[in-house]
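See structure below.
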Protein chains: 2
Amino acid sequence: MEAVLTAAVALLDEAGQSALTFRALAARLGTGVGTIYWYVSSKDELFDRATDHAVGAILTAVEEQPQSDDPIADLREMAITLFDAMMDRPWLAAYFMRNTDVQGHSLRLYEKLGQQTLRLDLTPRQRFHAVSAIVGVVVGTAADLGAELPQEVLNGEVNRVEYLSRYAESWRRLDAATFPFVHEIADEFAEHDDRDQFLAALELTLAGLRLQAETP
Amino acid sequence: MEAVLTAAVALLDEAGQSALTFRALAARLGTGVGTIYWYVSSKDELFDRATDHAVGAILTAVEEQPQSDDPIADLREMAITLFDAMMDRPWLAAYFMRNTDVQGHSLRLYEKLGQQTLRLDLTPRQRFHAVSAIVGVVVGTAADLGAELPQEVLNGEVNRVEYLSRYAESWRRLDAATFPFVHEIADEFAEHDDRDQFLAALELTLAGLRLQAETP
DNA sequence: GTCTTCATCGAACGACGTTCTACTGTCGAA
DNA sequence: TTCGACAGTAGAACGTCGTTCGATGAAGAC
């Protein structure tokens, strides 16, 4: 079981979601496909378990983070740790928190985030919505990343900026009168950093949350 | 071409992403699979075009919305319209804005949102990040919705609350000392409404944005 | 020695995306 | 009228995938 999961994670790390097939996994483990079905009842469950296996490492990293006197700062720190881990493993975003029966680590991580909101002056509902919003920002941004690049991931690192500039240029070619915003944005988009984009979105949510916690 | 797209959208509406196959589409149109490949070069492109086809209707709805004197209120209105459309068609979230070369309507919608930020006192980068964050909240929440229910969608409407309560109960069975947050949340989760959850997340982001636009 | 249980294996099935070749109709040039 | 170019159509065929199933081994219990 343990071996199955680490092999599955290795396949996902090496070549992404599409590389994790029962045949490839069986070949890597030197067994037959039927054997894997003895440990796992479907591909969805395989994904769930592999995801939770990887989340385990994130969880310990989050648990080692020292707690400050500002719950919102702690939430930021946790969200960033989670996001960074998902940048390394874009496939994580697609299955994170999808089935907490199987994903015990994910649930613990969710709990960890939620505990910070317990230190804020909020209603239970507000707390629930706050954590959902934060997880949404992390997973939403990371999920985009995972599916963004079509085939350019196979080539060198340079292709990303080239890919973005090609897009930016096609945007600049649009009529400036009907697309004023896209024009203004094109340069930003060409040089944009996914992590900055995530941090900005997170900051907006956290600012809103702080406001909510401070106003009676 | 037009017929292909409307048939594709119909299939997606009736039974979700997995129902849109080249064979099913061909059968519905009374043609062969090869014919569809004459109009569209891959399944990704089919999804992109079908998505943009559906976004067209959303775009006109958004364009008919009257403009108020508060750009942030207008942003809220647009985001809600987009989200509501995606609740009807959860498959939309997975492909929205994925390839603006093909998705002209999506780009126009993006532009529409961006134009509201032009009325705010922000830097271009802040505008870019703001629109990305808002689209992220909409698409992120809607994407969750689309993949949330495993087989329960096949049955009646009652199964959703049953499904949620089963989860909530398994959460309540956890140790109260190590899972204080999950315990507090369980009731909220059992009765939670996806739209409310989205509105709360949106409100946090918009509050943060308003703060950002007001502080020099 | 036999029974039961845990575990392994890979052939086989059906569905999928995609490719390929053959076919039909239409229409301007000769 | 004939002919070839060309826009569309059609479906068999290929390889890959998730999943199922019955056969097979291994190892302790009685």
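Small disclaimer: the values here were computed from a predicted structure and weren't measured. Here is how names work: the chains are called A, B, and so on, in the same order as the sequence lines, proteins then strands, and each is numbered from 1.
- Ion pairing between a basic and an acidic side chain is recognised when a charged N comes within 4.0 Å of a carboxylate O; B:D44 and B:R98 show no such pairing.
- Counting heavy atoms from C-beta on, the side chains of B:L204 and A:L204 never come closer than 4.5 Å.
- If one axis is set at each end of the helix from C:dT2-D:dA29 to C:dA30-D:dT1 from five pairs, those axes are 30° apart, to 10°.
- Between the CZ atom in A:F198 and the CG atom in A:D193 there is a gap of 12.0 Å [rounded to 0.5 Å].
- For the pair A:L25 CG and C:dG10 P, the computed distance is 14 Å after rounding to whole Å.
- B:L118 CG to B:L113 CG: the interatomic distance, rounded to the nearest 0.5 Å, is 11.5 Å.
- Closest to the side chain of B:W38, out of C:dA7, D:dG18, D:dA7, is D:dA7.
- Ion pairing of A:E63 with A:K112 is absent here, as no side-chain N (NZ or NE/NH1/NH2) approaches a carboxylate O to less than 4.0 Å.
- For the segment residues 9-21 of chain A, no residue has any heavy atom less than 4.0 angstrom from an atom of DNA chain C.
- A:I185 is listed as a side-chain neighbour of A:W171, based on a closest heavy-atom distance under 4.5 Å.
- When the C1' atom of D:dC17 is taken as reference, atom NZ of A:K43 falls 8 Å away, rounded to whole Å.
- For B:R23, the side-chain atoms get nearest to C:dT18 when compared with the rest of D:dG8, D:dT19, C:dT18.
- Side-chain atoms of A:T51 and A:Q103 include no donor-acceptor pair closer than 3.5 Å.
- A:P180 places none of its side-chain heavy atoms less than 4.5 Å from the side chain of A:H183.
- By the 6.0 Å contact criterion, CZ on B:R89 is enclosed, its count of non-hydrogen atoms from other residues, nucleotides or ligands being greater than 12.
- Computed from coordinates, the A:L29 CG to C:dC9 C1' distance equals 13 Å when rounded to whole Å.
- As judged by a 4.0 angstrom heavy-atom cut-off over every strand, B:T31 is placed among residues touching the sugar-phosphate backbone only.
- Residue A:T35 has no polar side-chain atom (N or O) positioned under 4.0 Å from OP1 or OP2 of C:dA7.
- Put simply, CZ on A:F22 is 23 Å from P on D:dG15, counting in whole angstrom units.
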Sort me out a list of protein N/O and nucleotides 21-23 of chain D N/O pairs below 3.5 Å, or just none if empty.
none

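- With rounding to whole Å, B:I36 atom CD1 is found 12 Å from C:dT18 atom P.
- Remark: A:L202 CG to B:H129 NE2 distance equals 12.5 Å, nearest 0.5 Å.
- By the 6.0 Å and 45° rule, A:R125 does not stack over the aromatic ring of A:F128.
- Listed candidates were C:dG17, C:dT19, C:dG10. Nearest to the side chain of A:V33 is C:dG10.
- One atom, CG of B:D44, and another, P of C:dC16, lie 17 Å apart when rounded to the nearest Å.
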